[in-house]
Amino acid sequence: MIDAINNSLFSPIGEDGMIGILLILNGLKVTLIVTFFAMLLGAVLGIGTTFMKMSSKWYIRFPANLYVGVIRGTPVVVQLVILYFIVLSALDVDKITAAIIAFGLNSGAYISEIIRAGIQAVDKDQTEAARSLGLSQTMTMKSIILPQAIKNILPALGNEFIVLLKETAVIGFIGGVDLMRAGEIIRSRTFEDSVPLFTCALIYLFLTYSFTFVLSKFEKRLKQSD
Amino acid sequence: MIKITNLHKNFGDNHVLKGISEHIRQGEVVSVIGPSGSGKSTFLRCINLLEQPSQGDIEIEGQLITAPNACVDKLRQKVGMVFQNFNLFPHKTVMQNIILAPISLKLMTPAQAEVKALDLLAQVGLSDKANAYPASLSGGQKQRVAIARALAMEPDLMLFDEPTSALDPEMVGDVLDVMKDLALKGMTMVIVTHEMGFARDVSDRVIFMDGGYVVESSPPDALFSHPKEARTQAFLSKVLRAG
């Protein structure tokens, strides 16, 4: 056991002399960078898509619905591979950027659904009350609907972040070295299976658990005015 | 003040209002009574265009609000509405609920709006609740805040959509007292209600609706004591016996 840990994590692996644990930490960095920026991109796309979907004009709604439909209907790993090897192949885009774009596009579709559901969960009586006071549609959205919708949206957005973090484990498909891929490299070079894989799993678990913990604290604070 | 001519409303195949013409004068208090599904609430909601009439004209203070280019938001600033389920904004305090519209619409400065709000809260007997959130109020208190919120816009006309139907019986009196007070001050009011005693005491006129029509429209004493139409008689004999 000690030997296995030593071999796979604290000794040079392969000819480049890389230490296993450093490879894993670099992979973790990639995982976090991709997750974070994909989430940001997803939030922007998600907000834009939501507003497009609420438009009264079909030619604005249509592309938004198509986007969400296609993304939700295909596996993220397929989207990632198509984006990197086909769509972006002519442009000299590095793997991390490609992964951010792919996961951002993916996340945007889900986030738009989260925002839409959050807005729709606010009782339509609230709109009527605001409009009956003479507030415009935009004012009603801004002062009445969105502040209430945000309480529905934020917890679901936290979940989306966790899902996204785990989904980035397929970055290896385009040759990017994330946390999962780092574990795989160690496994293939040292022929130690358990230590690198469980190390990866524990790190994922630690990240999602701590994030869930922070989120639940935050949710409690949001509920205070209820 | 309000002139309604041949008002129709369809929800799909459901013909809810079948040609209503009414004239409501400045300062008049009109109660609308009738069985469930008779179109009372739809009629009321058409007056501030929460429901778009399918056909017919509504004129308020000389303005044809059913015209295609009518400014609906401006109209609604002058027409207060009180809902059955209060519809307070749960994420805002009582004070914020009341001052939101006058400030957002730049009709008052925040300082003016707050003075006005405190005055209104005193009128409805809730001066101590200015900083409370709606969730901590009883139904009757919520409804009185909702009335204060509508009054903060200084409306010329107030619409009440079954304002006491969602309240516990012991809360009804407080809300009715506030409305009575408002009627005495000369506010033009249209009230959809099941409170027959209140309709009788406070209204200048009572409208009985059934099946999408106005069946009878008379001063309260005449309507309650000597209903002319058979359907009015049947309805009243049921609700008055129950009450």
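Reminder, nothing fancy here: chain letters follow the sequence lines and each chain counts from 1. Scope of the values below: all heavy atoms of this structure, side chains included, with no hydrogens, waters or symmetry mates.
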Engaged part of [X] at the chain A interface, taking heavy atoms whose separation is under 4.5 Å:
| X | answer |
| --- | --- |
| B:R45 | side chain |
| B:F83 | side chain |
| B:L75 | neither |
| B:K92 | side chain |

| Is the backbone N or O of B:Q84 less than 3.5 Å from a side-chain atom of B:D161, with the two atoms forming a donor-acceptor pair by type? | no

| task | Establish, from distance only, whether the side-chain atoms of A:E160 and A:S107 form a donor-acceptor pair under 3.5 Å. | result |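 Yes - a donor-acceptor pair under 3.5 Å links their side chains.
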
| said: Return the CG to NE2 distance between A:L146 and B:H91, rounded to the nearest 0.5 Å. | reply: 9.5 Å

| task | Establish, yes or no, whether the cationic atom of B:R144 lies under 6.0 Å from the six-membered ring centre of B:F86 and within 45° of the ring axis. | result | no

| query | Considering only heavy atoms from C-beta outward, does the side chain of B:L121 approach that of B:I98 to under 4.5 Å? | reply |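 Yes - at least one pair of side-chain heavy atoms lies under 4.5 Å apart.
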
| task | Flag the one option from B:T93, B:L88, B:L49 with the top tally of heavy-atom pairs under 4.5 Å to chain A. | result | B:L88

